Amino acid sequence: MTRQKIQIKKIDSITARQVTFSKRRRGLFKKASELSTLCDAEIALIVFSATGKLFEYSSSSVKQVIERHILQSKNLHKIVQPSLELQLDSATDNNLSKEIYEKTRELRQLRGEELQELNIEELQRLEELLARALTSVREAKEIELMEQNQRLRNQVIGLSVGQTRRLLEQGQSSDSTMINSNSSADPDQDTSFTFLKLGFSFS
């Protein structure tokens, strides 16, 4: 007579549930003991019943097994964390290397190299890129020329103002020189004109 397969679900009857719990708990602990003996494994089992009663089994000490489990988890986290960081660094390096390769390839194509590898769409995109770059260069050149012309214009204006100022200063200096020369003459000296009268003298 074959055993009927029991459907795994919660047992409704409290009494039947307690009986099943007791039988299966003993069977579980027995299997754990056999596994520990046959395979030299360190095992700890902690079971709480539906009523909150504690049952435990350990091949050595439950506390020692739990402490070992905690220590193992910490060490595993320390090992896994650097591994994840290395993986992220490796992925970042790969992305950077790929980006550098693409930019270098694009630069060579802008120089007119390796164009045979491009299709029509890529050639059109390269042509548009070159056109935009040429426009930007022209605009930058025009701005630079305008700024240079403005600097030269300012220099010319500055030179003109300086020359005008020097001429004015020279004119003022000449006037003051003439005034000083007149004021330095002898006041007793007659500076009036002497007229000569020519003709017959009458007695």
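Every value quoted in this text rests on a predicted model; they were computed, and no experiment measured them. All residue numbers refer to positions in the sequence shown, counting from 1.
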Please determine whether the number of non-hydrogen atoms from other residues, nucleotides or ligands lying under 6.0 Å from atom [atom1] of [X] exceeds 12.
{"X": "Glu99", "atom1": "CD", "answer": "no"}
{"X": "Gln150", "atom1": "CD", "answer": "yes"}
{"X": "Asp40", "atom1": "CG", "answer": "no"}
{"X": "Arg24", "atom1": "CZ", "answer": "no"}
{"X": "Asp12", "atom1": "CG", "answer": "no"}
{"X": "Ile14", "atom1": "CD1", "answer": "no"}
{"X": "Leu38", "atom1": "CG", "answer": "yes"}

N/O donor-acceptor pair under 3.5 Å between [X] side chain and [Y] backbone:
{"X": "Ser36", "Y": "Ala32", "result": "no"}
{"X": "Ser33", "Y": "Phe29", "result": "no"}
{"X": "Ser22", "Y": "Gln18", "result": "no"}

Salt bridge Glu147-Lys141, side-chain N to carboxylate O under 4.0 Å = no

Euclidean distance, [Y] [atom2] relative to [X] [atom1], rounded to 0.5 Å:
{"X": "Lys23", "Y": "Leu28", "atom1": "NZ", "atom2": "CG", "value": "16.0 Å"}
{"X": "Ile70", "Y": "Gln72", "atom1": "CD1", "atom2": "CD", "value": "12.0 Å"}
{"X": "Met146", "Y": "Arg153", "atom1": "CE", "atom2": "CZ", "value": "9.0 Å"}
{"X": "Leu35", "Y": "Ile43", "atom1": "CG", "atom2": "CD1", "value": "4.0 Å"}
{"X": "Leu71", "Y": "Ile66", "atom1": "CG", "atom2": "CD1", "value": "14.0 Å"}
{"X": "Gln64", "Y": "Ser59", "atom1": "CD", "atom2": "OG", "value": "9.5 Å"}

Verify same cluster id: Val62, Phe48 (apolar side-chain graph, 4.5 Å) = yes

Is there a side-chain contact between Arg132 and Glu128 (heavy atoms, below 4.5 Å)?
-> yes

Between Glu42 and Ser60, the two heavy atoms sitting closest are OE2-OG, 3.1 Å

Flag for Thr51-Ser49: side-chain donor and acceptor within less than 3.5 Å = yes

Should Phe21 and Val47 be marked as a side-chain contact (heavy atoms from CB on, under 4.5 Å) after you check the CA-CA gap, both sets of side-chain angles, and the distance that decides it?
-> CA-CA 10 Å; Phe21 175 80; Val47 181; 3.7 Å; yes

